[in-house]
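Ligands are counted one by one from 1 in listed order, and the atoms in each one are counted from 1 as well. These numbers come from the heavy atoms of this one structure, side chains and all, not from hydrogens, waters or symmetry mates.
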Amino acid sequence: MVNAIVGANWGDEGKGKITDMMAKEADIIVRFQGGANAGHTIVNDYGKFALHTLPSGVFYDHTTSIIGNGVALNIPVLFKEIQSIVDRGVPKPKILVSDRAQMVMSYHILFDQYEEERLAGKSFGSTKSGIAPFYSDKYAKIGFQVSELFEEETLKDKAERICEIKNVILEHLYHKPLLKPEDLLKELREYREMVEPYVCDTSAYLWEAVKAGKNILLEGQLGSLKDPDHGIYPMVTSSSTLAAYGAIGAGIPPYEIKKIITVCKAYSSSVGAGAFVSEIFGEEADELRRRGGDGGEYGVTTGRPRRMGWFDAVASKYGCRIQGATDVAFTVLDVLGYLDEIPVCIGYEIDGEVTTEFPATVKLEKAKPVLETLPGWKCDIRGIRNYEDLPENCRKYIEFVEEKIGFPITMISNGPGRDDIIYRNGK
Ligand code: GDP
């Protein structure tokens with residue numbers, strides 16, 4: 001059986017925690033898109049970890065972690081990450097890397113930096129991990145596939161060809177040092193040495209695993225609103241963040257994905273630029289940022305303070321729909337326990353009309369939030385394990401949100417740890 005764990009919002013919903021928790025019952029965890037540009041924070045028996053490339057199931061010794069073909073594979077980051085968890089006492093994880101995955105090269109990272117410099121104030125808020133240049137090259141058909149590392153002649157020709165193309169831009173657009181084919185080859189050979197023991201046809205492996213009835217989790221990065229097709233284009237990421245893409249980025253039949261666990265946060269946060277309708281500012285935002293997540297809402301990869309907002313039912317309803325949510329995991333609810341009253345964005349006012357449908361970006365930029373305020377519960381709900389034991393106002397908040405988004409909230413996360421979870425049976 002294959003289940004996907006994906007984000008309903010702008011990312012940072014707590015997918016890592018839900019994956020780590022569900023990985024207990026899983027055999028295989030697959031990353032199917034994205035790269036080292038975002039991160040998951042995981043708190044478990046070994047401590048607190050920030051992962052960027054490894055799937056969040058690496059902490060169990062019964063699981064196999066797969067870097068699927070859809071991922072932007074940064075080999076040095078992957079190896080640094082494996083080393084860093086092993087150094088902290090985690091058993092060496094079993095990892096497989098798709099022979100069809102493509103690699104982030106050092107020039108992708110440089111191009112990302114150069115482009116941000118060129119755009120200056122008009123930048124897209126890139127994390128400068130090379131992700132946009134990487135995916136551009138993938139679709140321009142000038143990317144390097146892992147399988148190509150093992151064909152020396154092909155590699156040489158391609159390195160020369162790529163330098164030719166890249167050097168035109170480096171010279172005339174960015175005015176930066178040019179690439180040399182021999183440096184590229186050296187980099188590629190280093191990657192070959194590092195990755196060789198892990199490479200296989202992961203889609204064939206997964207096909208056999210599906211047939212054998214293994215429990216497989218697809219782990220998404222970021223969330224619906226950062227999807228290049230359905231998100232807030234152009235302030236989006238460069239690979240699809242949707243569960244549907246899990247089939248492609250892992251190489252499995254789409255009909256095998258049975259559950260789409262869509263992680264939805266009890267308030268909003270976002271990194272990077274772009275319209276953010278329920279955004280709050282000043283002291284109100286600072287307080288939520290300080291109390292948010294597990295130790296504040298700051299980017300795992302970049303350390304950037306996240307933009308904060310109230311729960312956005314319009315964006316979340318859309319985010320769940322576009323994912324095809326079968327289950328909603330409602331997270332970081334414990335953080336809201338300090339508030340007397342909790343505003344929720346229930347509609348967008350655009351050109352004088354109120355809508356609950358999430359619009360395309362040009363309209364979104366004109367949207368003003370329509371808020372409804374619910375009473376807070378004013379206590380700490382961490383440690384509660386049964387839904388009925390939650391304070392009445394807290395249950396009312398959950399049920400209000402569930403009604404507004406129109407998808408069943410089957411799990412409630414009330415703390416960062418593996419056991420901080422409340423299942424709603426019968427949902
Ligand atoms: P991801 O990229 O979706 O995995 O999100 P992050 O790694 O940014 O996770 C959000 C943060 O919230 C992390 O620091 C988690 O440890 C933390 N977290 C996850 N679930 C909960 C929760 O229910 N309550 C609290 N307080 N923190 C949580």
Side-chain angles (χ1 to χ4, degrees), residues 4-23 29 31 33-59 81 127 217-226 237 241 243 261-272 287-308 311 316 319 323 328-339 379-385 390 394 397-398 401 409 411-423:
I5 300 170
V6 286
N9 309 121
W10 297 264
D12 307 316
E13 299 94 347
K15 297 174 294 295
K17 176 241 158 101
I18 301 292
T19 308
D20 176 63
M21 185 190 94
M22 292 189 64
I29 296 102
R31 282 280 316 265
Q33 46 87 222
N37 52 332
H40 299 296
T41 313
I42 295 155
V43 183
N44 57 31
D45 305 343
Y46 296 105
K48 184 172 176 176
F49 296 86
L51 297 183
H52 306 285
T53 285
L54 285 172
S56 302
V58 288
F59 298 99
E81 214 157 87
T127 59
L217 289 180
L218 304 177
E219 182 184 18
Q221 184 207 38
L222 295 167
S224 300
L225 305 168
K226 296 280 185 183
T237 194
T241 56
I261 297 146
T262 306
V263 185
C264 190
K265 193 151 144 167
Y267 55 89
S268 301
S269 73
S270 166
V271 281
E287 175 144 39
L288 185 56
R289 185 179 301 110
R290 263 198 314 276
R291 292 172 176 269
D294 178 34
E297 292 282 359
Y298 302 92
V300 177
T301 306
T302 57
R304 288 189 291 195
R306 292 176 182 152
R307 297 164 69 193
M308 307 302 298
F311 182 80
S316 300
Q323 287 289 7
V328 174
F330 198 49
T331 55
V332 289
L333 186 61
D334 50 303
V335 163
L336 300 181
Y338 73 98
L339 291 158
C379 67
D380 185 3
I381 58 163
R382 280 201 196 181
I384 293 176
R385 294 288 172 265
L390 286 170
C394 183
Y397 184 78
I398 296 164
V401 164
I409 295 176
M411 284 177 240
I412 293 139
S413 174
N414 59 338
R418 271 179 187 170
D419 303 324
D420 296 320
I421 197 81
I422 299 167
Y423 293 97

Contact check, D420 vs ligand 1, heavy-atom distance below 4.0 Å = no

Taking R289 for the side chain and R306 for the main chain, is one N or O donor matched with an acceptor at less than 3.5 Å?
-> yes

Short N or O distance, G16 and ligand 1, threshold 3.5 Å exclusive | yes

Quick one: look at D12 and ligand 1, take heavy-atom pairs under 4.0 Å, and tell me if it's side chain, backbone, both or neither.
-> both

If you count the atoms of ligand 1 from 1 in the order shown, which ones are under 4.0 Å from a heavy atom of V335?
-> 26 (N)

Got a sec, which residues hit side-chain hydrogen bond (donor to acceptor under 3.5 Å, both in side chains) with N9, two or more places apart in sequence or on another chain?
-> S316

Which part of R306 is near ligand 1, with near meaning a heavy atom under 4.0 Å away: side chain, backbone, both or neither?
-> side chain

Identify, with sequence neighbours excluded, every residue that meets ring pair (Phe, Tyr, Trp, His ring centres under 6.0 Å) alongside F59.
-> F49

Which atoms of ligand 1 are found less than 4.0 Å from any heavy atom of R382?
-> 26 (N)

Ligand 1 and V43, any nitrogen or oxygen pair closer than 3.5 angstrom?
-> no

Nitrogen or oxygen atoms of G293 and ligand 1 under 3.5 Å apart | yes

Using atom types as modelled and distance alone, determine if a side-chain donor or acceptor of N414 lies under 3.5 Å from a backbone N or O of I381.
-> yes

Are T241 and V6 side-chain neighbours, meaning at least one heavy-atom pair lies under 4.5 Å?
-> no

Atom indices of ligand 1 within 4.0 angstrom of D294 heavy atoms, with elements | 12 (O), 14 (O), 16 (O), 17 (C), 27 (N)

Under 3.5 Å side-chain donor-acceptor pair for E219 and S56 = yes

Test item, Q221 contacting ligand 1 (heavy atom, 4.0 angstrom) | no

For atom 23 (O) of ligand 1, which candidate among S413, G417, A266 provides the closest heavy atom?
-> S413

Compute the shortest N/O to N/O distance between K17 and ligand 1 and return yes if it is under 3.5 Å, no if not.
-> no

Side chains of T331 and K17: do they bring a donor and an acceptor to under 3.5 Å?
-> no

Within 45° of the ring axis of Y338 and under 6.0 Å from its six-membered ring centre, is that where the NZ or CZ of R291 lies?
-> yes

Proximity to ligand 1 by part of H52, non-hydrogen separation under 4.0 Å | neither

Would you check the N or O atoms of V332, main chain and side chain alike, for any that come under 3.5 Å of an N or O of ligand 1?
-> yes

Given D420 and R382, is the salt bridge (charged side-chain N to carboxylate O under 4.0 Å, His left out) satisfied, shown in steps?
-> CA-CA 7 Å; D420 296 320; R382 280 201 196 181; 5.5 Å; no

Can you list the steps and then say if K265 with E297 is a salt bridge (charged side-chain N to carboxylate O under 4.0 Å, His left out)?
-> CA-CA 12 Å; K265 193 151 144 167; E297 292 282 359; 2.9 Å; yes

Check whether any heavy atom of G415 sits under 4.0 Å from an atom of ligand 1.
-> yes

